[in-house]
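Note that these values count all heavy atoms, side chains included, but never hydrogens, waters or copies made by symmetry. Please read all numbers here as calculations on a predicted model, not as lab measurements. Below, chains carry the letters A, B, ... as their sequence lines are ordered, and counting in each starts from 1.
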There are 2 protein chains.
Amino acid sequence: MTSDEVFEAISHPMRIAILKELAKKPIRFADLKRKLRIKSGGLLDFHLKKMEAVIITDKDGLYTLNNRGFAALRAVHIVTNYGWQRRSWWLNVLMMFMLNIYFFFTAFEFYIFVAIPTFGWLLFYSYWTFVKRRVSLRSNGADQENVEVS
Amino acid sequence: MTSDEVFEAISHPMRIAILKELAKKPIRFADLKRKLRIKSGGLLDFHLKKMEAVIITDKDGLYTLNNRGFAALRAVHIVTNYGWQRRSWWLNVLMMFMLNIYFFFTAFEFYIFVAIPTFGWLLFYSYWTFVKRRVSLRSNGADQENVEVS
DNA sequence: GGAGGAAGTCAATGAGTGTTGACTTATTGG
DNA sequence: CCAATAAGTCAACACTCATTGACTTCCTCC
């Protein structure tokens, strides 16, 4: 069992759709077939077989994600929301900044109790975002989706 | 640009190796070829073309990961370490427990200042682990690698 | 100016993938 | 008992993938 087997299991749109459907709740073959509007039973069977690394059938015969399946789901989430981290960092900086401004002008005697935690949090969060998760603040040209090329 | 293009880019062992190599630093074609011990230039070219969604060539012509590439790297990390969350949760519980024990018996007057933060942290961390990340504490049979089948 | 490395491109080929539709086998309701 | 639904299996097919090795084009060093 290596990680590329898991990625193999999610490197097709239909298989990602199956993954998301199974994440909601365990489901039967025919229900899955109806839900995803797949005409051919053979086709669904083919894709389910490709996903063996991330799926188990429970005691009632329902298709269910295993731990690896939920890990794969998180992987899908990370990749589809890869722009999120940057935005969330800016939002955080803005919030911390406003909090500091507010306490500075309205309750200066408590300001130290706001400044230190917010500064500490921002330091830790920035380390986590930029060093551990290797997010870059400036887009490197790969972020724009559906860019019109003339 | 959809997420399955990214997973396509990392659903082969050689492409994951390339991804990890590029994560270290930008690199030239021939250096990458040497480093991964690939004999055929055509083969490396084939895989690099498959990875177009996650790679850019910088101003010096060096192959470099784009943001999507780093997101893919995190996805690889999550999938290869999918058992990590559970272990880390238990470790955390153990640490918090020992901290509580220690303060309870040696510095009971400060105990409240330890109990409340640790309890709060454990509550938050458990929510994050089990609800947000859908980690299950008990293995569902998909965790054992290389299980011998008789 | 020729050798040799860098950075590929390209055609060929066998293996694997995605899809269809026909077929099976078991279960259930009227 | 019959028809319908569930849950697949299987053969066939066109298409894509992974890999090889030969070839090109540019650059640099001796």
Side-chain angles (χ1 to χ4, degrees), chain A residues 1-22 24-66 68-69 72 75-76, chain B residues 1-22 24-66 69 72 75-76 79:
Chain A
M1 177 59 60
T2 55
S3 60
D4 52 284
E5 285 182 76
V6 176
F7 292 119
E8 174 74 36
I10 54 179
S11 62
H12 188 280
M14 188 179 289
R15 295 205 281 270
I16 291 182
I18 292 172
L19 194 76
K20 287 181 177 172
E21 205 54 50
L22 292 187
K24 292 182 199 163
K25 63 174 189 297
I27 197 169
R28 283 178 306 144
F29 186 93
D31 288 341
L32 192 57
K33 188 163 163 286
R34 255 191 304 277
K35 205 117 186 208
L36 300 180
R37 290 190 176 72
I38 302 168
K39 283 144 287 172
S40 160
L43 182 58
L44 179 55
D45 183 52
F46 171 77
H47 285 296
L48 284 174
K49 278 203 168 48
K50 286 249 146 186
M51 296 175 77
E52 268 177 347
V54 299
I55 284 179
I56 46 168
T57 48
D58 68 11
K59 57 201 176 304
D60 304 320
L62 300 177
Y63 289 96
T64 309
L65 291 187
N66 61 22
R68 217 176 266 115
V76 170
Chain B
M1 178 59 61
T2 55
S3 59
D4 53 283
E5 285 182 75
V6 176
F7 292 119
E8 172 75 35
I10 53 179
S11 62
H12 188 280
M14 189 180 287
R15 295 204 283 271
I16 291 181
I18 292 172
L19 194 75
K20 287 181 178 174
E21 205 53 50
L22 293 187
K24 292 182 199 163
K25 62 174 189 297
I27 198 169
R28 283 178 305 143
F29 186 92
D31 289 341
L32 193 56
K33 187 163 164 288
R34 254 191 305 278
K35 205 118 187 207
L36 300 179
R37 290 188 176 73
I38 302 168
K39 283 144 287 175
S40 161
L43 182 58
L44 180 55
D45 183 53
F46 170 78
H47 286 296
L48 284 174
K49 278 201 169 49
K50 287 250 145 188
M51 296 175 78
E52 269 177 347
V54 299
I55 285 178
I56 47 168
T57 46
D58 68 11
K59 56 198 177 308
D60 303 320
L62 301 177
Y63 290 96
T64 310
L65 292 187
N66 61 21
V76 170
V79 169

What one-letter contact string describes nucleotides 15-21 of chain C from 5' to 3', where B marks a base within less than 4.0 Å of any protein heavy atom, S marks contact via sugar-phosphate atoms alone, and - marks no contact?
--SBBBB
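- In this structure, B:Asp45 atom CG and C:dA12 atom P are separated by 18 Å, rounded to whole Å.
- The CD1 atom of B:Ile38 lies 4.5 Å from the CG atom of B:Leu44; values are rounded to the nearest 0.5 Å.
- Rounded to whole angstrom, the span from the NZ atom of B:Lys33 across to the P atom of D:dT19 amounts to 15 Å.
- Residues A:Val54 and A:Leu22 have side chains not in contact (no heavy-atom distance under 4.5 Å, counting atoms from C-beta outward).
- Look at B:Lys49 and you'll find a side-chain N or O under 4.0 angstrom from OP1 or OP2 of C:dT9.
- One finds no salt bridge joining A:Lys49 and A:Glu52 here, because no Lys/Arg side-chain nitrogen approaches an Asp/Glu carboxylate oxygen to under 4.0 Å.
- For the pair B:Ile55 CD1 and C:dG8 P, the computed distance is 11 Å after rounding to whole Å.
- Residues forming a side chain to side chain donor-acceptor pair (under 3.5 Å) with A:His47 (at least two apart in sequence, or on another chain): A:Arg15.
- Here B:Tyr63 does not reach the OP1 or OP2 of C:dA6: none of its side-chain N or O atoms lies under 4.0 Å away.
- When rounded to the nearest whole Å, the span between CZ of B:Arg34 and C1' of C:dA7 equals 12 Å.
- Counting only heavy atoms from C-beta outward, the side chains of A:Ile55 and A:Leu65 approach each other to under 4.5 Å.
- Straight-line distance from the CZ atom of A:Arg28 to the P atom of C:dT28: 11 Å, rounded to whole Å.
- Looking at heavy atoms from C-beta onward, A:Phe7 lies in side-chain contact with B:Ile16 at the 4.5 angstrom threshold.
- One atom, CZ of A:Phe29, and another, C1' of D:dT5, lie 13 Å apart when rounded to the nearest Å.
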